[in-house]
2 protein chains.
Amino acid sequence: MISVIKAIVMMRKLYVDYAATTPLDPKVFKAMKPYFTEMYGNASSIHSYGIEAKQAIAKSRKIVAELLTAEPEELIFTGSATEANNTALKGHAFKQGKEKASIAISSIEHDCVLNTAIWLEQQGYRVTTIPVDKYGLLKLEELKKALRKSVSLVSIIHANNEIGTIQPLKEIGNLCHEHNALFHTDAAQSFGKIPINVKKMNIDLMTINAHKIYGPKGVGALYVRKGVEIDPLLHGGGHEFGLRSSTENVPGIVGFAKAVELRKKEMGPEATRLRKLKNHLVKEILNIEDTYLNGHPKKNLPNIANFRFSYIEGESLLLLLDKEGIAASTGSACSSATGKPSHVLSALGIKPEELHGSLRLSLGKKNTQADIDYILNIIPKIVKRLRSISPIKKIKTWTSQHNQKI
Amino acid sequence: MISVIKAIVMMRKLYVDYAATTPLDPKVFKAMKPYFTEMYGNASSIHSYGIEAKQAIAKSRKIVAELLTAEPEELIFTGSATEANNTALKGHAFKQGKEKASIAISSIEHDCVLNTAIWLEQQGYRVTTIPVDKYGLLKLEELKKALRKSVSLVSIIHANNEIGTIQPLKEIGNLCHEHNALFHTDAAQSFGKIPINVKKMNIDLMTINAHKIYGPKGVGALYVRKGVEIDPLLHGGGHEFGLRSSTENVPGIVGFAKAVELRKKEMGPEATRLRKLKNHLVKEILNIEDTYLNGHPKKNLPNIANFRFSYIEGESLLLLLDKEGIAASTGSACSSATGKPSHVLSALGIKPEELHGSLRLSLGKKNTQADIDYILNIIPKIVKRLRSISPIKKIKTWTSQHNQKI
């Protein structure tokens with residue numbers, strides 16, 4: 001009995017789904033705490049409680065803006081990256097109207113850009129989709145073609161959330177500006193992981209958030225370059241320079257800033273450490289037969305690795321990994337609940353029958369070499385087991401043997 | 001020296017701006033805490049961390065829905081009441097289109113309903129404003145007239161945030177349904193203060209939030225009656241039954257539910273206690289010369305009292321009160337930063353020259369009889385002082401004396 005309890009207690013809990021969300025850094029929690037119960041004022045109130053809250057927001061805005069090389073007044077806090085992306089696209093569309101607005105997105109945008117674009121199209125706005133190559137890199141020639149036909153806003157994800165492929169933002173932004181189009185990028189996954197300079201990268205609008213960088217859930221931000229005009233998505237009391245009304249989530253904003261402050265110091269060394277771990281992981285996993293890497297082998301985030309195992313179902317793989325204490329993902333956490341095949345992997349040209357066999361491992365602060373060793377011990381066994389019961393594998397094997405005999 | 005320090009330390013800090021926001025209840029903080037650093041999963045992930053988060057949200061949804069007499073699947077969590085109000089109005093407008101949608105609001109809506117309606121009108125949607133009487137009660141005859149001309153959605157604030165006047169929701173809802181219009185109410189200020197039953201009150205859509213009832217900032221909810229169709233305001237991964245995408249703010253939602261759970265027990269006795277304190281406050285303040293109550297004398301929230309002092313500026317009053325440690329408001333915290341005269345007070349028919357002399361005291365959990373006594377000691381002195389230097393008062397006095405002489 002004791003050994004059973006010991007086994008349960010000892011069971012490793014290994015989180016490798018940092019791209020879905022991250023635990024709050026204890027330092028972030030500490031920074032937020034006083035704003036819940038002591039300094040709880042509404043930042044719009046003109047008494048001392050309000051001033052205290054207002055000052056905390058101003059300080060936070062400065063800290064977050066700095067990491068993007070933006071001015072504080074170019075940053076509006078939102079409730080999430082989803083809200084920031086919706087604000088960028090709809091805010092532009094509503095401001096310009098159906099005559100002038102024409103939006104281009106890549107075929108591998110996050111659901112919140114993709115579904116916003118689909119909705120805008122249903123509302124009568126013009127939307128174009130730019131394809132990517134087999135690694136997920138935007139086809140720049142296709143973007144140029146679209147720009148020549150007149151596009152008012154281009155929205156391209158910086159680093160894709162499923163496969164980690166990083167787009168050449170500077171070049172894309174430059175092309176946009178040459179054709180008088182605005183350039184928006186969804187940097188929810190890359191912000192705080194790799195350097196971003198909105199000025200040098202020719203970015204006009206950029207989405208970021210807190211909960212992917214050890215900050216709180218429920219807080220994001222939209223960078224809006226000075227001079228860029230958008231309609232607010234949330235109308236009301238005129239908060240955030242009139243661009244996003246709502247009583248400010250003061251503890252959330254303070255937490256966001258603390259997370260950013262920590263990233264400033266940790267980002268560089270952490271990227272090096274995680275890339276080393278990931279490279280080892282990728283090398284070893286690719287030794288498994290019929291296994292492939294989804295996404296670009298080099299131009300990618302230091303912490304995301306997306307694998308494709310032929311003949312098996314990603315969901316089964318996930319469930320068995322979870323049993324072994326490994327928390328991973330098949331791709332986007334947002335769409336994993338719907339069970340639909342990933343539009344990102346489809347866009348890479350992966351065959352329909354192989355779309356379901358993917359696994360995303362996304363590393364973070366707490367992961368160590370021992371974790372990677374543990375994963376490398378578990379995954380091959382699970383893949384073998386699943387393939388042994390896979391009906392697809394059996395058919396393939398039979399066909400192959402049959403063909404050999406003939 | 002010691003006595004100076006003692007005086008500073010002893011200075012009373014008296015918060016009577018609970019309608020702007022409230023401190024987090026320590027029990028709410030305790031409930032939220034584990035979801036920041038331990039149970040930090042993304043509720044859409046299918047591993048154990050995700051399931052844990054998903055279950056916490058489901059449990060929270062049930063608790064919040066219960067207080068409205070709603071089904072859990074009729075409630076979608078949002079990032080704020082502002083977002084919920086924007087979702088209700090825009091979601092209806094976008095779903096119905098410009099041909100079918102026609103929205104009626106009262107003249108005393110919160111900025112986030114008012115400015116949403118103004119924006120929709122600019123976008124080409126039909127919007128009607130229904131006036132109120134001098135107490136802030138909706139003119140039902142005017143509503144009927146508008147409904148006869150065809151209205152698809154009526155949005156009326158339950159209890160006004162500035163003056164506390166409570167509308168007869170059941171009757172309004174009934175009128176709406178008789179004319180096949182949907183009924184939305186912004187209950188951000190009344191929820192958790194007075195009972196609400198969405199079924200009995202004929203409500204189709206209702207906005208609520210957490211930070212006005214000792215819950216966290218950055219969380220709200222929209223009740224959407226089964227069968228009512230709206231477009232989402234935030235498109236993305238399809239969270240919240242497809243009506244509000246965004247990675248769920250798990251600690252925020254858990255905190256919201258805890259706050260609601262506490263209100264279930266505390267709401268009744270607290271309302272009685274606060275009403276008693278308020279009645280005493282109102283009676284005494286009205287003894288000051290040229291002082292009036294804004295809003296309905298009886299049909300109002302137990303905790304909000306809004307006074308109008310002739311000849312003085314509300315802002316000066318607030319600043320002097322703040323110096324004495326009293327944190328109050330001139331009205332809505334949301335618009336206090338802009339300095340514009342209150343559209344709510346204007347709608348009551350208050351003369352332009354008197355619009356700036358208002359003071360809202362909104363009571364809450366920590367306020368005691370001693371606080372009221374302190375306020376009653378301070379306010380008359382400040383009012384007297386301000387009037388003694390008021391140019392308007394001087395002119396009025398001079399005119400009056402002059403007239404007497406003639």
Side-chain angles (χ1 to χ4, degrees), chain A residues 15 17 20-24 26 29 36-37 40-42 44-50 79-80 82-83 85-86 94 110-112 115-116 119 123 211 216-219 231 233-239 245-252 315 318-319 322 327-329 332-338, chain B residues 15 17 20-24 26 29 36-37 40-42 44-50 79-80 82-83 85-86 94 110-112 115-116 119 123 211 216-219 231 233-239 245-252 315 318-319 322 327-329 332-338:
Chain A
Y15 189 76
D17 201 10
T21 194
T22 61
L24 203 72
F29 182 69
F36 282 119
T37 46
Y40 54 82
N42 184 318
S44 300
S45 299
I46 62 176
H47 48 62
S48 58
Y49 292 85
S80 61
T82 291
E83 189 197 320
N85 279 331
N86 272 262
F94 294 144
H110 186 276
D111 271 346
C112 60
N115 289 331
T116 296
W119 180 80
Q123 296 283 309
H211 81 98
K217 293 179 177 67
V219 201
D231 263 16
L233 187 63
L234 302 189
H235 289 88
H239 309 77
S245 294
S246 243
T247 294
E248 294 92 340
N249 175 0
V250 189
E315 272 71 21
L318 273 196
L319 293 175
D322 195 34
S329 159
S332 164
C334 291
S335 52
S336 62
T338 65
Chain B
Y15 189 76
D17 200 11
T21 193
T22 61
L24 203 70
F29 183 68
F36 283 119
T37 45
Y40 54 81
N42 184 318
S44 299
S45 299
I46 61 174
H47 49 62
S48 57
Y49 292 84
S80 62
T82 291
E83 190 198 319
N85 279 332
N86 272 263
F94 294 145
H110 186 275
D111 270 347
C112 59
N115 289 332
T116 296
W119 181 80
Q123 294 284 310
H211 81 99
K217 293 180 178 66
V219 201
D231 263 17
L233 188 63
L234 303 187
H235 289 87
H239 310 76
S245 294
S246 244
T247 294
E248 293 92 340
N249 175 0
V250 189
E315 273 69 22
L318 274 196
L319 294 174
D322 195 34
S329 159
S332 164
C334 290
S335 52
S336 62
T338 64

Kindly compute the distance separating [atom1] ([X]) from [atom2] ([Y]), expressed to the nearest 0.5 Å.
X	Y	atom1	atom2	value
A/S246	B/H211	OG	NE2	8.0 Å
A/E83	B/S80	CD	OG	7.5 Å
A/F29	B/T37	CZ	OG1	6.5 Å

query = Under the 3.5 angstrom rule, does the side chain of A/N115 hit a backbone N or O of B/G236 as a donor-acceptor pair?
reply =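 Yes; at least one donor-acceptor contact below 3.5 Å.
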ask   = So, does B/K217 use its side chain to make a donor-acceptor pair with the main chain of A/Y40 at under 3.5 Å?
value =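 Present.
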Atom group of B/N85 that falls short of 4.5 Å from chain A, counting heavy atoms =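 It is neither, since no heavy atom gets under 4.5 Å.
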key: Which portion of B/F36 sits near chain A, non-hydrogen atoms under 4.5 angstrom   = both
So which of [options] has the largest heavy-atom pair count under 4.5 angstrom toward chain A?
options	result
B/G50, B/S48, B/P216	B/S48
B/G41, B/S245, B/A327	B/A327
B/P26, B/A328, B/G79	B/A328

task = Mind ranking A/G252, A/P251, A/G218, A/P23 by heavy-atom pairs under 4.5 Å with chain B and telling me who comes out on top?
result =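 Most heavy-atom pairs within the cutoff with chain B belong to A/P23.
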ask   = Given the options A/T22, A/D322, A/T21, which has more heavy-atom pairs under 4.5 Å with chain B than any of the others?
value = A/D322
task = With a 4.5 angstrom heavy-atom cut-off, could you sort out which part of A/V219 is near chain B: side chain, backbone, both or neither?
result =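 Looking at A/V219, nothing touches chain B.
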query = Non-hydrogen atoms of chain B under 4.5 Å away: do they reach the side chain of A/E248, the backbone, both or neither?
reply =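 Just its backbone gets close to chain B.
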Pairing residues for B/N86 by the side-chain contact (heavy atoms from CB on, under 4.5 Å) criterion, not counting sequence neighbours = A/L234, A/H235, B/T82, B/K90, B/C112, B/T116, B/L233
ask   = Can you list the residues that meet the ring pair (Phe, Tyr, Trp, His ring centres under 6.0 Å) rule with A/F94, with sequence neighbours excluded?
value = B/F94, B/W119
